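Quick notes on the structure that follows.
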Amino acid sequence: MSIREIREQLASSALRPQRRFGQNFLHDRNMACWIVDSALQNLSLPWRVWEVGPGLGVLTALLLERGAGVRAVEIDRGLAGILRDRFRGEARFQLCEGDVLREEWPDPVADWILIGNLPYSISGPFLASLFRQRASFRRVVVTLQREVAERLVAKPRQDAYGSLSVMGQSTYRVDIRKRLPPSVFYPAPKVESALICLEPLGEVRIPPEDREDFCSFVRESFQQRRKSLGRRWSRGERRRPEELSVAEWVSAYRELRKAAPAETGGSFGLT
Ligand code: SAM
């Protein structure tokens, strides 16, 4: 869809891009094809795709053309109306109107591919809830604000390394696939974006039933970066949170959990 077509489509429904919903519409067709190809390539059929924030349906249309089934969650009522008209009679399209942060996740998640040009305002909470899920998606291909993407791939001691890096990398292999300049969106956002791809790690580092607990542990431990971990974990760990590798976070969690099992309400001695 060109910028002119996006404008006309919105105007015909008396809509304008809503900043509060992070509405920056992708108008670069090559980029849209690239995103869809990255999501589907080398995966066997059937492709079941969960799309977050379809907007005017740029990615949705390409996914349907390629033969995927798409369940899309869109918060904006006006856009939902446009999508319903556009894909009327398309049996492989299902629209859920609502807030993805409150929506039920597809089940079983492992059969699904997650795709979306995520609205910047919800990318942090959305990713945190993704990493707390018991099961991993088959693949996750999402566009994020570049800074958030850099936090996801960051390594220990880098400035961007934090709880999001540890939570994501404990379950997924995380990769930045492409930088997207503001000019590929209408209206152009003030920040750069990046396309990231997440695929489940071959080995299970954190058992599914412990993921939520692990994420809380990591997040709380990072909250006071200045304190060395030993003081909070009541054991001889002298380093700060940003110095531990993901593997070290996983073993610290296992050890502390052995001493204070979650079912007994053990809180790792965090202070
Ligand atoms: N996918 C479209 C594209 O690439 O052109 C639109 C992307 S736009 C960056 C983000 C989309 O997410 C908008 O359609 C917006 O209305 C929708 N959105 C924002 N917050 C949402 C939420 N909490 N739940 C579901 N959709 C949301």
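Ligands are counted one by one from 1 in listed order, and the atoms in each one are counted from 1 as well. Note that the structure is predicted; figures quoted are calculated from it, not measured.
The pair Glu8-Arg4 meets the salt-bridge criterion, since a charged nitrogen lies less than 4.0 angstrom from a carboxylate oxygen.
Put simply, the side chain of Arg139 gets close to the backbone of Gln41: a donor and an acceptor are under 3.5 Å apart.
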For each nitrogen or oxygen atom of ligand 1, which protein N/O atoms lie closer than 3.5 Å, and how far apart are they, rounded to 0.1 Å?
unit_1: ligand 1; atom_1: 1 (N); unit_2: Gly53; atom_2: O; d: 2.8
unit_1: ligand 1; atom_1: 1 (N); unit_2: Pro54; atom_2: O; d: 3.4
unit_1: ligand 1; atom_1: 4 (O); unit_2: Asn117; atom_2: ND2; d: 2.5
unit_1: ligand 1; atom_1: 5 (O); unit_2: Leu26; atom_2: N; d: 2.9
unit_1: ligand 1; atom_1: 14 (O); unit_2: Gly55; atom_2: N; d: 3.3
unit_1: ligand 1; atom_1: 14 (O); unit_2: Glu74; atom_2: OE1; d: 2.7
unit_1: ligand 1; atom_1: 14 (O); unit_2: Glu74; atom_2: OE2; d: 3.4
unit_1: ligand 1; atom_1: 16 (O); unit_2: Gln23; atom_2: NE2; d: 2.9
unit_1: ligand 1; atom_1: 16 (O); unit_2: Glu74; atom_2: OE2; d: 2.6
unit_1: ligand 1; atom_1: 23 (N); unit_2: Asp99; atom_2: OD1; d: 2.8
unit_1: ligand 1; atom_1: 24 (N); unit_2: Val100; atom_2: N; d: 2.9
unit_1: ligand 1; atom_1: 26 (N); unit_2: Ile75; atom_2: N; d: 3.4

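In summary, the aromatic rings of Trp105 and Trp112 are positioned with their centroids too far apart to meet the 6.0 Å limit.
Tyr253 and Phe214 have perpendicular rings, their planes meeting at more than 60° on a 0 to 90° scale where under 30° would count as parallel.
Looking only at atom types and distance, the side chain of Tyr186 has no donor-acceptor partner in the side chain of Ser2 under 3.5 Å away.
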Report task. Walk me through it: do Asp76 and Gln23 pass the test side chain to side chain donor-acceptor pair (under 3.5 Å)? Result -> CA-CA 10 Å; Asp76 185 308; Gln23 288 175 358; 2.9 Å; yes
